[in-house]
Every structure is written in C-alpha cells, then in structure tokens.
2 protein chains.
Amino acid sequence: MATPANLEHVPVSLSPRDRFVEFLQSRGMRVTQQRLALVDQVFSRHEHFDADQLMEQLPESGKPGHVSRPTVYRTLSEFVDAGLLRKFMLNGRSVYEHDYGYPQHDHFHCTECNKLFEFQSPELIALRDQVARDHRFRVAGHRLIINGVCEACAKARRRASNHRMNMI
Amino acid sequence: MATPANLEHVPVSLSPRDRFVEFLQSRGMRVTQQRLALVDQVFSRHEHFDADQLMEQLPESGKPGHVSRPTVYRTLSEFVDAGLLRKFMLNGRSVYEHDYGYPQHDHFHCTECNKLFEFQSPELIALRDQVARDHRFRVAGHRLIINGVCEACAKARRRASNHRMNMI
DNA sequence: ATTTCTGCAAAATCTTTGCATTTAC
DNA sequence: GTAAATGCAAAGATTTTGCAGAAAT
C-alpha cells in the first residue's frame with residue numbers, strides 16, 4: 001500500500017535522474033558521482049525513507065559507491081529544492097518521499113507497524129481551499145497524517161485477542 | 001487568532017491543575033512544586049509553545065520557582081499522557097498546545113511570521129472518517145497543518161511591493 | 001521511613017558546518 | 001586551472017538518561 005500501486009502515476013517527460021541533471025546544470029552545479037548514485041538509489045524504490053535508511057541502501061564506507069553522511073544530507077536538500085522529493089517529520093525525524101512523477105496525496109500512519117500508507121482525496125483539497133478562503137489564508141500546501149491502525153494490524157490484533165480468549 | 005477567541009471552549013468540570021493532580025494521584029505519582037508550577041504556567045496562556053519557550057516563562061536558574069530543563073521535558077510528557085496537552089512537530093521541534101478544555105481543531109501555519117492559527121472543520125472530520133473507512137483504516141486521530149501566508153503577512157507583502165513600485 | 005522526583009552532568013540522536021582535499025568542468 | 005563538491009571531524013540543536021541528593025507521602 002506504500003507502493004505506487006494504488007496511486008496514479010503522473011506522466012513526466014524526464015526520468016528523475018535527467019530531471020536532476022537538468023536542475024543541476026541550470027544552477028551551475030556539478031553532476032557528481034555521488035549525486036547520480038543518490039538519485040538512482042532514491043528512485044529505485046518508492047518507499048518512504050530517512051537519511052539513515054538511504055545510507056544503508058548504499059555500499060558501506062570504504063567500498064566504491066559509498067557516499068558520506070554529510071553529502072547524503074546535502075543532496076537530500078537538493079532533491080527537495082529540485083522538486084524531486086518531499087520532506088516531512090515523523091516521530092521527530094525527517095522522512096522523504098517521491099514528489100516528482102507522483103500525485104499530491106496524504107498519509108495514514110499505522111501506530112502498530114509504523115508504516116505509512118498513501119491515499120488521494122480531491123475532496124480534501126477542495127475542503128482545504130474552502131476553509132482557507134473562509135479564513136483569508138493563502139494556501140501553499142498542507143500536510144495531513146491520519147494515525148491509527150491499518151487493516152493488517154487490526155486483524156493481527158483480533159487474532160491475538162481471540163487466542164487469549166481460547167486460552168482461558 | 002491563535003488565542004481561544006475564535007474557538008468554542010469545551011466545558012470541563014475540573015481546572016487543568018485539579019485534573020492533573022487527580023491524574024497524578026490515580027497513578028501514585030507525587031504532587032510536586034515543579035509539577036504545579038508547570039501546569040499553572042502552561043495554562044495561564046493559550047499560545048502554542050515549545051520546551052524552550054516554557055522555560056523562558058519561568059524564573060531563571062537559581063531563583064525560586066525555577067524548574068530544570070530535564071524536569072520540564074519529563075513533565076511535558078506527563079501532560080500529554082494526562083490528556084492536558086497535545087504535542088506535534090514543527091520545523092523539527094516539539095510544539096505543545098492545550099488539549100484539555102479545548103475542542104479538536106487544525107492549524108494554518110504562516111511561513112512568513114511562523115505563527116500558527118487554529119480553525120475547526122467538522123466537514124474535515126467527516127471526510128477523514130469516510131476516507132479511513134474506504135481504506136479500512138481505524139482512525140485514532142490526525143494532524144493537519146495547512147501552510148501558506150496569513151492575511152496580515154499577505155497585506156504586509158503587498159504594501160512592500162507597492163512601495164517598491166513607487167520607488168521606480 | 002520509604003519511594004519518587006529533581007537537578008546536574010553527561011549522553012544520545014539527528015543534522016549541519018568548517019576546512020583541506022578531490023573532482024567536475 | 002578554477003570553482004565547486006566531498007569527506008572528515010567537529011560542532012549544533014534538541015531531547016533523554018544515570019545517578020546522588022532532595023522532597024513528598
């Protein structure tokens with residue numbers, strides 16, 4: 001459910017890598033091996049991730065293809081500036097998700113398994129804009145996280161509960 | 001707008017202080033001077049605040065009534081457990097707001113002045129619950145922050161812009 | 001008298017920065 | 001060759017923890 005399977009893909013002309021190269025060149029920044037390695041890794045999977053998880057997906061220190069922690073942080077900021085990633089906070093840490101090529105969406109956060117699930121709701125956007133108009137607030141964007149328990153965890157919970165019942 | 005002025009007050013039988021004392025006693029915890037000083041300070045104003053701001057509102061180190069930083073953090077967690085405060089993240093830091101005695105609401109966050117403004121929308125709750133049902137997700141709560149520019153900052157911006165125009 | 005709480009100092013966590021060296025252009 | 005980027009080490013910022021002494025019950 002955290003995969004793109006349930007969300008429409010937004011058609012884009014350039015691959016994330018090409019889009020990033022274009023962004024770098026337009027700003028006189030250099031196309032380095034580290035930046036390319038990171039853009040490739042980040043867009044090889046759709047899951048949400050933090051800086052630590054990204055580092056774990058790359059070769060470890062000393063091995064070719066490794067990228068240092070400061071460079072990972074610096075490059076993640078560049079991805080956000082370039083419109084490739086969106087950043088938000090979860091449990092006090094920065095979490096990133098694909099923005100380029102993916103539609104606006106919001107999240108369920110399961111407090112049992114700690115996973116994020118995406119959903120889209122045009123009605124929500126309409127309501128947001130209406131409420132903002134009512135309060136004369138100029139909307140730039142929003143962040144909504146609905147927390148609770150996902151279906152899988154709810155079932156697991158029920159099983160555990162039934163099991164306890166049988167034991168009595 | 002961050003004041004309770006625009007939100008209905010939820011009638012509660014106990015003052016926050018009494019509610020907290022009750023909470024402490026029910027859990028065999030002690031009613032200390034620090035806890036009382038903090039509950040009084042926190043509920044003397046309705047603005048959102050972080051741990052630093054709360055400390056600044058108390059007497060400084062050495063003076064009577066001062067509370068140490070670890071105790072402030074520990075007590076803020078207790079307030080959340082007791083249902084007196086709600087905690088959320090803004091720009092990577094923990095921000096607290098009154099929960100006890102105040103209705104469910106969401107926030108506008110002005111990226112110019114960095115202020116938070118509260119609003120209520122029953123429609124939003126209904127929409128949230130509907131979307132959650134559609135995805136078989138059991139809702140426990142949610143956090144919505146709409147970011148953009150508040151009316152005051154938009155006006156200030158327009159004035160600045162007009163001023164620049166006049167100078168040309 | 002007992003047990004919890006506080007304050008201090010230190011640690012933990014996540015992120016950013018200064019600077020010398022390396023790399024892209 | 002020159003300017004920008006990287007990696008290292010160190011610092012920053014926020015929050016948490018271990019523990020001895022203080023305070024509440």
Side-chain angles (χ1 to χ4, degrees), chain A residues 17 20-41 48-56 58-82 85 87-96 114, chain B residues 17 20-42 48-56 58-82 85-96 114:
Chain A
R17 181 185 176 128
F20 189 46
V21 168
E22 191 182 67
F23 168 84
L24 291 172
Q25 292 175 338
S26 74
R27 313 243 293 214
M29 297 164 77
R30 292 174 182 180
V31 180
T32 63
Q33 298 190 322
Q34 289 85 345
R35 281 171 175 152
L36 291 179
L38 288 170
V39 76
D40 286 347
Q41 180 56 47
H48 303 83
F49 65 94
D50 60 25
D52 255 321
Q53 292 170 320
L54 177 53
M55 291 215 65
E56 282 167 18
L58 294 163
E60 51 190 289
S61 187
K63 298 195 176 171
H66 173 77
V67 180
S68 71
R69 188 170 294 276
T71 296
V72 166
Y73 276 101
R74 284 186 282 236
T75 308
L76 284 171
S77 290
E78 292 163 9
F79 290 160
V80 172
D81 291 344
L85 294 183
K87 172 183 175 177
F88 58 101
M89 288 285 161
L90 197 64
N91 301 328
R93 45 198 308 159
S94 297
V95 176
Y96 298 85
N114 207 36
Chain B
R17 181 185 176 129
F20 189 48
V21 168
E22 190 181 67
F23 168 85
L24 292 172
Q25 292 175 337
S26 75
R27 313 244 292 214
M29 297 165 75
R30 290 171 184 182
V31 180
T32 63
Q33 298 190 322
Q34 289 86 343
R35 282 171 174 153
L36 291 179
L38 287 170
V39 76
D40 286 346
Q41 180 57 47
V42 159
H48 303 83
F49 65 93
D50 59 25
D52 255 321
Q53 291 170 321
L54 176 53
M55 289 215 67
E56 282 167 17
L58 294 163
E60 53 191 288
S61 187
K63 298 194 176 172
H66 172 77
V67 180
S68 71
R69 187 170 295 277
T71 296
V72 166
Y73 276 100
R74 285 185 282 235
T75 309
L76 284 172
S77 291
E78 292 163 8
F79 289 161
V80 173
D81 291 345
L85 294 184
R86 276 161 57 90
K87 172 184 177 177
F88 58 101
M89 288 283 160
L90 197 64
N91 300 328
R93 44 197 309 162
S94 298
V95 175
Y96 298 85
N114 207 36

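A note on names: the letters A, B, ... follow the listed sequences, proteins ahead of strands, and every chain is numbered from 1.
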Within residues 60-68 of chain B, residues whose heavy atoms come under 4.0 Å of DNA chain C: B/H66, B/V67, B/S68
Listed partners of B/D81 passing salt bridge (Lys or Arg N to Asp or Glu O under 4.0 Å), at least two apart: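 Applying salt bridge (Lys or Arg N to Asp or Glu O under 4.0 Å) to B/D81 gives none.
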B/R86: salt bridge (Lys or Arg N to Asp or Glu O under 4.0 Å) partners, not counting sequence neighbours: B/E97
Whole-Å distance separating the CG atom of B/L36 from the C1' atom of D/dT25: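 Distance, rounded to whole Å: 14 Å.
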Interatomic distance, B/R27 CZ vs C/dT4 P [rounded to whole Å]: 14 Å
For the student: nearest non-hydrogen atoms of A/P59 and A/G65, plus distance: CD-O, 3.6 Å
Minimum-distance pair of heavy atoms, taken over all atoms of A/S94 and A/M89: OG-CE, 3.3 Å
All side chain to side chain donor-acceptor pair (under 3.5 Å) counterparts of A/S68, not counting sequence neighbours: A/T71
Partner residues of A/N91 under the side chain to side chain donor-acceptor pair (under 3.5 Å) criterion, sequence neighbours left out: none
Per-nucleotide protein contact string for nucleotides 20-25 of chain C (B base, S sugar-phosphate only, - none; heavy atom under 4.0 Å): ---BBS
Letter per nucleotide, 5' to 3', of nucleotides 14-19 of chain D [B base touched, S only sugar-phosphate touched, - untouched; heavy atoms, 4.0 Å]: SBBBB-
Hey, can you pull the donor-acceptor pairs under 3.5 Å for the side chains in residues 32-39 of chain A, sequence neighbours left out?
residue, atom, partner, partner atom, Å
A/T32, OG1, A/R35, N, 3.2
A/R35, NE, A/E78, OE1, 2.9
A/R35, NH1, A/R30, O, 2.7
A/R35, NH2, A/E78, OE2, 2.9

Within-4.5 Å side-chain heavy-atom neighbours: B/L76 and B/K87: no
Separation between CE of B/M55 and OG of B/S61, rounded to the nearest 0.5 Å: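 Rounded to the nearest 0.5 Å, the CE-OG separation comes to 8.0 Å.
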Degree of bending in the helix from C/dA1-D/dT25 to C/dC25-D/dG1 once both end axes are built from five pairs, to 10°: 30°
Residues in ring pair (Phe, Tyr, Trp, His ring centres under 6.0 Å) contact with B/F49, at least two apart in sequence or another chain: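 B/F49 satisfies ring pair (Phe, Tyr, Trp, His ring centres under 6.0 Å) with B/Y96 only.
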Partners passing side-chain contact (heavy atoms from CB on, under 4.5 Å) against A/D50 (at least two apart in sequence or in another chain):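 For A/D50 the side-chain contact (heavy atoms from CB on, under 4.5 Å) partners, ignoring immediate neighbours, are A/D52, A/Q53, A/R93.
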B/Y73: side-chain contact (heavy atoms from CB on, under 4.5 Å) partners, not counting sequence neighbours: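 Per chain and number, B/Y73 pairs via side-chain contact (heavy atoms from CB on, under 4.5 Å) with B/A51, B/R69.
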